[in-house]
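Naming: A, B, ... by sequence-line order, numbering from 1 per chain.
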Amino acid sequence: SPSTKQHFAKEYDCFGDSYYADTDKEQLKEVFRRINKTE
Amino acid sequence: MDTSVRRIEVSSEPGKIYFLRVTWEEDLGSGFSVDLCDGQSAWTGKVSEEEVSKEAQEMEMKRQIYVDELCQALTAGGKQTNSYSFNLSKDPADNRSLHFSYEKVLKDVFFKLGSVELHTVSKPIEVIKELINHGLDRSTELRARNEHLLGENERLGQERDYVTEELKKYVQAKEVLEQDLYTRFVLVLNEKKAKIRSLQEKLKQAQEEVESELQHRG
Amino acid sequence: MDTSVRRIEVSSEPGKIYFLRVTWEEDLGSGFSVDLCDGQSAWTGKVSEEEVSKEAQEMEMKRQIYVDELCQALTAGGKQTNSYSFNLSKDPADNRSLHFSYEKVLKDVFFKLGSVELHTVSKPIEVIKELINHGLDRSTELRARNEHLLGENERLGQERDYVTEELKKYVQAKEVLEQDLYTRFVLVLNEKKAKIRSLQEKLKQAQEEVESELQHRG
């Protein structure tokens, strides 16, 4: 829903990496996996 | 000049071993000499280039194919000795010469490949010594080649092992690189996230202050 | 059982070639037989284990060292033929036997290594055929081993080339991985930096607002 979308947009960047919560290797690997070649 | 020595049996004397030595220049097609020895006596003869061409014609074979057949039949290079048969017959007119013929055997059908008149060698000791020397020299050559190949073998094995070790190191280095980069990335990224959290906190406070000011004014 | 055939010259007949065949079981120390052939006649004799031990004792050499010397002197394995000299002398008492001795030559000093009584072989043709066969068989064996080694070399070369290709791919993959991770990392990091910039902007505005409110109230 737009509100959820808005919530996520506030919490996460366009690659799905949280702005606030610390990351770790596994999560970062996951984020990298989502970044496809074109980007 | 090339020489080949091989053991043969002749159909007229089954079980008796003869040593057949063939010597030629470029290839058998340019003519060759034949020496036969039973370990005590020796006989020698020649086949000229013309005779080779004539035999090939009579057999209606291309020259090269015929020469290959001769190679298989007469030289040590040839493997299938049972595909060829040899005959030796005394010449009734001259007991110092023998008629030596060689045939290709295909499903029990004998095709004459060629023949040569052989004359008794007056001093067979020379032929015998050459035959023994041929084996010794060929073995020495082959042993040297063997040693060279063994050296090559060792070198190639070492190179392969070295490159394999390098590859293992690289595989490891790639994994280490990946882990190392992720560790660094996580550190840098979490620094930024801490910065964002603190800015978010400050902004929240600032906005609450504005809020309270506005209420205050209101 | 092992056999070795080599060419030798005997000092009493310089330039004349003899073929020396030595046959033994485990090693020369357990005794061996000696055949000598000049391409026409042949002589044979045996050296027993006791005689080997006795000779080693007389030379005050350790058995193994003595046996190694025998190997160098008598078998094809030995390289330095000029380090050994051979003598053949007729036995005045019996013209059917020869006295064959072998010596080690060190700086022109001759050390007797041993000797053996040889008796004439009644049918030398058998020894001669065996000597020719020995060369042929040894060559066939060595040729087969060479072919095997050539195959091994080819396989090792292919393995080495394959692993080298893999290594090149890995080197490349490592570089690509590094580039790739940095690219992705920059994207994610820049998102955070953009967020920090926007938060700082907002915080700046909020602080300016608070400022202006405070002035206002002031």
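When heavy atoms are compared at a cutoff of 4.5 Å, B:Asn133 approaches chain C by way of both its backbone and its side chain. For B:Leu181, the part sitting under 4.5 Å from any heavy atom of chain C is the side chain, from C-beta outward, and nothing else. Only the side chain of B:Lys193 comes within less than 4.5 Å of a heavy atom in chain C; its backbone stays farther off.
For the set B:Glu178, B:Arg155, B:Lys204, B:Gln207, the entry with the most heavy-atom pairs within less than 4.5 Å of chain C is B:Glu178. When each of C:Leu203, C:Val188, C:Leu214 is checked for heavy-atom pairs under 4.5 Å with chain B, C:Leu203 comes out on top. Counting heavy-atom pairs under 4.5 Å between each of C:Val127, C:Ile125, C:Leu131, C:Thr140 and chain B puts C:Ile125 at the top.
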Q.
Show, in sequence, the C-alpha distance, side-chain angles and deciding distance for C:Arg145 and B:Leu150, and conclude whether the side-chain contact (heavy atoms from CB on, under 4.5 Å) test is met.
A. CA-CA 10 Å; C:Arg145 206 178 311 160; B:Leu150 277 171; over 6 Å; no
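Rounded to the nearest 0.5 angstrom, B:Leu156 CG and C:Glu159 CD are separated by 10.0 Å. To the nearest 0.5 Å, atoms CD (B:Glu213) and CD (C:Glu209) are separated by 10.5 Å. Rounded to the nearest 0.5 angstrom, C:Lys129 NZ and B:Ile132 CD1 are separated by 13.0 Å.
Heavy-atom contacts from other residues, nucleotides or ligands closer than 6.0 Å to NZ of C:Lys90 number 12 or fewer. Atom CD of B:Glu191 has 12 or fewer heavy atoms from other residues, nucleotides or ligands within 6.0 Å. Heavy-atom neighbours of C:Lys46 NZ from other residues, nucleotides or ligands within 6.0 Å: at or below the threshold of 12.
Between B:Phe185 and C:Phe185, the two ring planes are parallel [angle under 30°; tilted spans 30° to 60°].
Residues of residues 30-42 of chain B that come closer than 4.5 Å to chain C, counting heavy atoms only, are B:Asp38, B:Gly39, B:Gln40, ordered by residue number. Chain C is approached within less than 4.5 Å, heavy atom to heavy atom, by B:Val163, B:Thr164, B:Glu166, B:Leu167, B:Tyr170, B:Val171, B:Ala173, B:Lys174, B:Leu177 from residues 162-177 of chain B, ordered by number.
Heavy atoms only, all atoms of each residue included: B:Leu189 and C:Lys192 are closest at CD1-CG, 3.8 Å. Taking both residues in full, the closest heavy atoms of C:Leu142 and B:Ser139 are given as CD1-O, 3.4 Å, listed atom of the first, atom of the second, then distance. Between C:Glu152 and B:Asn153, the shortest heavy-atom distance links the atoms CB-ND2, 3.6 Å.
Residues B:Val210 and C:Gln205 fail the side-chain proximity criterion, which asks for heavy atoms closer than 4.5 Å.
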